[in-house]
Amino acid sequence: TTETQDRETTDGFHLVIDALKLNDIDTIFALPGIPITDFLRIAQADGMKVISFRHEQHAGNAAAAAGFITGKPGICFTVSAPGFLNGLTALANATTNCFPMILISGSSEREVVDLQQGDYEEMDQLAIAKPLCKAAFRVLHAEDIGVGIARAIRAAVSGRPGGVYLDLPAKVFAQSVAKDVAERSLIKVVDPAPKQIPAPEAIQRAVDLLKGAKKPLIILGKGAAYAQADAEIRSFIEKTGIPYLPMSMAKGLLPDNHPQAASAARSYVLAEADVVMLVGARLNWLLSHGKGKTWGAGDSKGWGKQQFIQIDISPTEADSNVAVAAPLVGDIGSAIGALNQAIGSGLGKVPAEWTGAIAERKDKNLTKMAETLAKNPPVMNFHSALNVVRETVKANPKAYLVNEGANALDFTRSIVDMYEPRRRLDVGTWGIMGIGMGFAVAAAAVTGEQVIAVEGDSAFGFSGMEVETICRYNLPICIVVMNNNGIYKGTDVNPRGDAMAVTQFVKNARYDMMMEAFGGVGVTAKNPEELDKALKEAIASRKPTLINALIDESAGTESGRITSLNPAAAKKKT
Ligand SMILES: Cc1ncc(Cc2csc(CCOP(=O)(O)OP(=O)(O)O)c2C)c(N)n1
Ligand SMILES: [Mg+2]
């Protein structure tokens with residue numbers, strides 16, 4: 001109307017940017033195309049950091065990792081339909097990992113989609129996203145963009161964090177809105193992740209259980225790392241003297257060489273503990289569902305003797321697998337803070353039989369590992385290569401370590417100690433391949449810190465094209481491809497002999513040349529000395545680097561640590 005034209009106006013493009021900026025969000029991970037290209041150009045011109053990827057899954061993974069690192073929702077923008085679908089894997093994985101991210105996709109107009117009239121990239125994206133994420137919203141009027149972004153932020157970070165989908169039909173971007181109306185429509189979200197204070201009786205129940213324990217154990221999950229309650233957690237562990245086990249992305253919450261770290265005696269402590277306190281750790285497949293041999297039970301489905309305390313922000317997590325004697329519902333910072341309050345200077349000494357037995361097994365296992373690591377076989381294997389990475393991370397504790405693969409994952413998790421919180425980013429709850437380059441770009445772009453990505457050669461292949469993205473933004477990322485010529489190993493055989501075996505790759509592939517193709521540094525490392533030299537140079541130069549580490553192709557095992565999940569393996573067991 002003339003009245004609107006008379007007053008100054010803004011539009012949907014600018015309202016999205018203003019809403020993100022108002023909520024201290026300054027970075028967007030995206031892949032341009034209809035209908036978001038102009039939006040991304042305007043966002044970049046407006047001072048937002050816009051990082052364009054070569055595949056939307058990796059833009060989405062970057063948004064998820066940014067969420068885990070910062071506690072603010074990472075933002076991923078995609079085009080409609082196929083671009084949206086490519087982003088969904090990252091959105092679903094973020095939701096499974098409880099990482100806060102918002103996937104914002106352009107979409108076709110509702111009237112065309114709802115009549116299925118065959119629009120360009122037509123898809124009912126909102127309906128498809130809903131089952132795969134924590135919350136999903138659509139905005140049809142530019143005046144509602146403020147509410148849409150606010151709801152998406154609050155849904156992503158409040159309670160148990162997760163992935164949120166926000167659907168923006170193309171024409172919303174171009175809608176004009178009177179400036180004064182627009183200003184009033186924006187929301188700066190107040191307290192998006194409110195503290196959830198645990199009930200005093202829940203605290204007391206947990207303390208009583210710990211007081212009576214002869215063999216207590218604390219398990220730190222990635223939820224404990226995400227909580228950014230590092231000092232509270234460290235204080236509770238050191239005041240009680242209770243041994244602890246960090247799950248992979250909780251490594252570094254306390255330094256992995258901490259005297260109370262029990263990772264080197266993992267199987268012993270899980271089977272023998274009598275009271276186990278889970279902190280932001282779910283009793284899922286990664287902890288054998290709290291049942292069976294892992295927990296000292298006779299048969300595979302049996303429950304162990306453990307009594308569980310479970311600190312989780314979700315009130316419905318307890319009893320998901322086995323009974324939880326002391327559910328402690330709340331945010332981890334508040335829960336651990338209240339526990340620290342309740343125990344004062346501590347709970348009394350942990351029985352020496354327990355800590356002594358753990359120390360004995362730790363020493364034995366660490367000595368065995370040191371001997372293995374000291375070997376320098378003629379053909380570099382996972383151990384001799386990862387011994388170099390171990391020393392490199394020890395010398396650069398603030399570096400981010402991205403890790404995926406099977407053997408490349410399992411061996412790195414046990415050999416490479418972490419010393420700082422939230423520095424290890426890996427395949428998480430799903431065990432998904434392909435997170436590597438997206439996670440690496442996010443860590444480098446959001447923190448400016450050096451990133452070392454230890455990649456199985458198969459795992460690297462899922463996101464390898466993003467080396468161009470890494471070079472384009474000149475990010476301090478050093479990729480170490482553990483090249484053993486295949487998935488799990490390179491020695492598989494095709495009995496017919498008429499083609500490579502299904503898990504094999506081109507022998508001694510030159511992944512390093514992929515990095516050189518885009519102006520980065522490519523190196524082949526045939527032995528630990530060459531690997532060490534290349535890693536040192538990459539960290540000194542902070543240049544995008546890919547080290548093609550040639551690994552003994554017979555060194556791995558099928559599926560690494562989870563061989564038993566293969567159906568054939570399970571069949572043999574019956
Ligand atoms: C999206 C997706 N597709 C397939 C798979 C299944 C898988 C698990 S681990 C892995 C790669 C193992 O080979 P890699 O060379 O990376 O490591 P290494 O053992 O050191 O040789 C695959 C394909 C998963 N988890 N996710
Ligand atoms: Mg491999």
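Basis for what follows: all heavy atoms, side chains included, without hydrogens, waters or symmetry-related copies. Counting starts at 1 for both ligands and their atoms, in listed order.
When all heavy atoms are compared, the tightest approach of Leu546 to Met515 is CB-CB, 3.6 Å. Residues Met418 and Arg423 come closest through the heavy atom pair CE-CB, 3.6 Å.
Here the NZ atom belonging to Lys291 is positioned 6.5 Å from the NZ atom belonging to Lys301, to the nearest 0.5 angstrom.
Asn548 and Asn483 share a side-chain donor-acceptor pair at under 3.5 Å. Checked by atom type, the side-chain pair Glu466/Thr469 shows a donor-acceptor distance below 3.5 Å. In the model, Thr78 has a side-chain atom that pairs as donor or acceptor with a side-chain atom of Ser105 under 3.5 Å. Donor-acceptor pairing under 3.5 Å is recorded for the side chains of Tyr165 and Gln125. Counting only N and O atoms by type, the side chains of Ser107 and Asp167 include a donor and acceptor under 3.5 Å apart.
Proximity to Ala459 (heavy-atom distance under 4.0 Å) selects the following atoms of ligand 1: 16 (O). Contact atoms of ligand 1 toward Phe382: 20 (O) (distance under 4.0 Å to a heavy atom of the residue).
Heavy atoms of Asn484 found under 4.0 angstrom from ligand 1 belong exclusively to the side chain.
In this structure, atom 15 (O) of ligand 1 lies nearest to the protein heavy atom Asp457 OD1, 2.7 Å. Closest protein heavy atom to atom 23 (C) of ligand 1: Ser458 OG, 3.8 Å.
Using a 4.0 Å heavy-atom cutoff, Phe462 is listed among the residues neighbouring ligand 1. Contact annotation: Gly431 has at least one heavy atom less than 4.0 Å from an atom of ligand 1.
Close placement of the Trp295 and Phe308 rings is indicated, their centers lying within 6.0 Å of each other. When ring centroids are compared, Phe29 and Phe77 stay outside the 6.0 Å threshold.
On a distance-only criterion, Met433 and ligand 1 share at least one N/O pair closer than 3.5 Å. Any N or O atom pair closer than 3.5 Å counts here, and Asn407 shares at least one such pair with ligand 1. Checked by distance only, ligand 1 and Gly486 come closer than 3.5 Å through their nitrogen or oxygen atoms. Between Ala408 and ligand 1, at least one N/O pair is under 3.5 Å apart. Between Ala406 and ligand 1, an N or O atom pair is found at a separation short of 3.5 Å.
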Query raised in the report: Would Thr429 and Arg282 satisfy side chain to side chain donor-acceptor pair (under 3.5 Å), going step by step from the backbone distance to the final call?
Result: CA-CA 9 Å; Thr429 305; Arg282 290 168 288 190; 3.2 Å; yes
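Within the protein, the N, O or S atoms sitting under 2.8 Å from the Mg ion (ligand 2) are Asp457 OD1, Asn484 OD1, Gly486 O.
Put simply, atom 6 (C) of ligand 1 has no protein non-hydrogen atoms near it, under 4.0 Å away.
In this structure a side-chain-to-backbone donor-acceptor pair under 3.5 Å is missing from Asn381 to Asp552.
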